[in-house]
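Residue numbers start at 1 and run along the sequence shown. Keep in mind that this is a model prediction, so the values were computed, not measured. Both ligands and their constituent atoms are indexed starting at 1 by order of listing.
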Amino acid sequence: MLFLYQGSTSVCSVKVRVVLAEKQLEYGGEILDLQRGDQHRPDYVKLNPNAVVPTLVHDGNVIIESTLIIEYLEDAFPEPVLMPAAPQNRWQARLFMKKIDDYLHSACSTITFATANRRVLLKRTPEELEQHIAKIPNPDYRERQRLSIAHGLAAPHVAQAVRQYDKYIGDMEEALKHAPYLAGADYSLADAAATPYIFRAEALGMDGLWSERRPNVGLWYDRVRARPSFKAAVIDPISEADRDRFNVPREETWAKVTEILGIS
Ligand SMILES: N[C@@H](CCC(=O)N[C@@H](CS)C(=O)NCC(=O)O)C(=O)O
């Protein structure tokens, strides 16, 4: 039996849900309210000491880290195959996933906290907010969240986050000039992993990073959105509260992005 502890919009959770949907696997689950701080519940931290989602439990085995979870799913449930056969393409798929773990995820969370999450979190008293932030075990992540919430898009680390997002999408464009999917002719774990980050960029007003300037990313996104897994894993789990949280002034984000990148 598969059970997924997840967030409704959490990019790492969406990544896992896309793979579960692609493999048409049945699973149970619990949606944790990350704004309320469910990820710090003692029973949850016993499963995931990093106090983050997602966590997969498969027949009693606890599996954490979203990239490793989707690789685990590929090993445990090989059909349909979501890794290419050729070593070069397998490396390419892994490289796209590694870059998410190395920097895109942190860039995405910086920009999300500086925009959508900030609006919700700033409704709390300073004491409540501090209590929420102080529980984050990773000191770097804690400090980035604190700065994003305090300063929004003016936070000092936002510029680097925007450049990293732009770099990743630029790398996607290069790969997609030669093949329809990130690691070659067929859809793979790399496409599933990148999907929530492109969806998030669009939600926050950064779709100008590909529309007009990176046509192959736009075509890839059309292909990904047309797959049944997109509706099941990305769109359907979004709640009314999530829609409200992501109802951000997209033009402000784009103005900041163009200022940082020096584009128009
Ligand atoms: N490297 C982890 C990162 C997980 C992560 O950062 N999850 C976010 C949601 S996408 C989270 O749970 N954040 C909790 C918080 O903000 O306190 C993974 O890939 O699973």
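Summarising the local packing, CD of Q24 is surrounded by 12 or fewer heavy atoms from other residues, nucleotides or ligands at distances under 6.0 Å.
Taking the six-membered ring for Trp, Y168 and F96 have ring centres closer than 6.0 Å. For F3 and Y27, the ring centers are positioned 6.0 Å apart or more.
Remark: among candidates N48, V53, N117, the nearest residue to atom 7 (N) of ligand 1 is V53, based on non-hydrogen atoms. Heavy-atom proximity to atom 11 (C) of ligand 1, evaluated over V52, I64, T9, is greatest for V52.
For atom 20 (O) of ligand 1, the nearest protein heavy atom (residue, atom name, distance) is S66 N, 2.9 Å. Atom 10 (S) of ligand 1 has S10 OG, 3.3 Å as its closest protein atom, hydrogens excluded (heavy atom only). Closest to atom 6 (O) of ligand 1, if we only count protein heavy atoms, is H105 NE2, 2.9 Å. For atom 2 (C) of ligand 1, the closest heavy atom belonging to the protein is E65 OE1, 3.3 Å. In terms of protein heavy atoms, atom 13 (N) of ligand 1 is closest to Y141 OH, 3.2 Å. For atom 14 (C) of ligand 1, the closest non-hydrogen atom of the protein is Q39 NE2, 3.6 Å.
Proximity of Y5 to ligand 1, defined as any heavy-atom pair under 4.0 Å, is not found for any part of the residue.
Where the criterion is an N or O separation shorter than 3.5 Å, residue side chain and backbone included, Q145 meets it with respect to ligand 1.
Atoms of ligand 1 lying under 4.0 Å from at least one heavy atom of V11, given by number and element, are 10 (S). Those atoms of ligand 1 that come under 4.0 Å of a heavy atom in F113, given as number and element, are 16 (O).
Contact analysis leaves G7 out of contact with ligand 1, as no non-hydrogen atom separation drops below 4.0 angstrom. Judged by the shortest distance from any of its heavy atoms, P54 lies inside the 4.0 Å radius around the atoms of ligand 1.
Between F77 and H58, the ring planes are tilted. Angles from 30° to 60° get that label.
Ion pairing between R250 and D207 holds under the 4.0 Å rule for side-chain N and carboxylate O. Under 4.0 Å is where a charged nitrogen must lie from a carboxylate oxygen, and between E173 and R213 no such pair does. A salt bridge links D166 with R214: at least one charged nitrogen is closer than 4.0 Å to a carboxylate oxygen. The pair R144-D140 does not count as a salt bridge, with every side-chain nitrogen at least 4.0 angstrom from each carboxylate oxygen. For the pair D222 and R225, the salt-bridge criterion is met [side-chain N within less than 4.0 Å of a carboxylate O].
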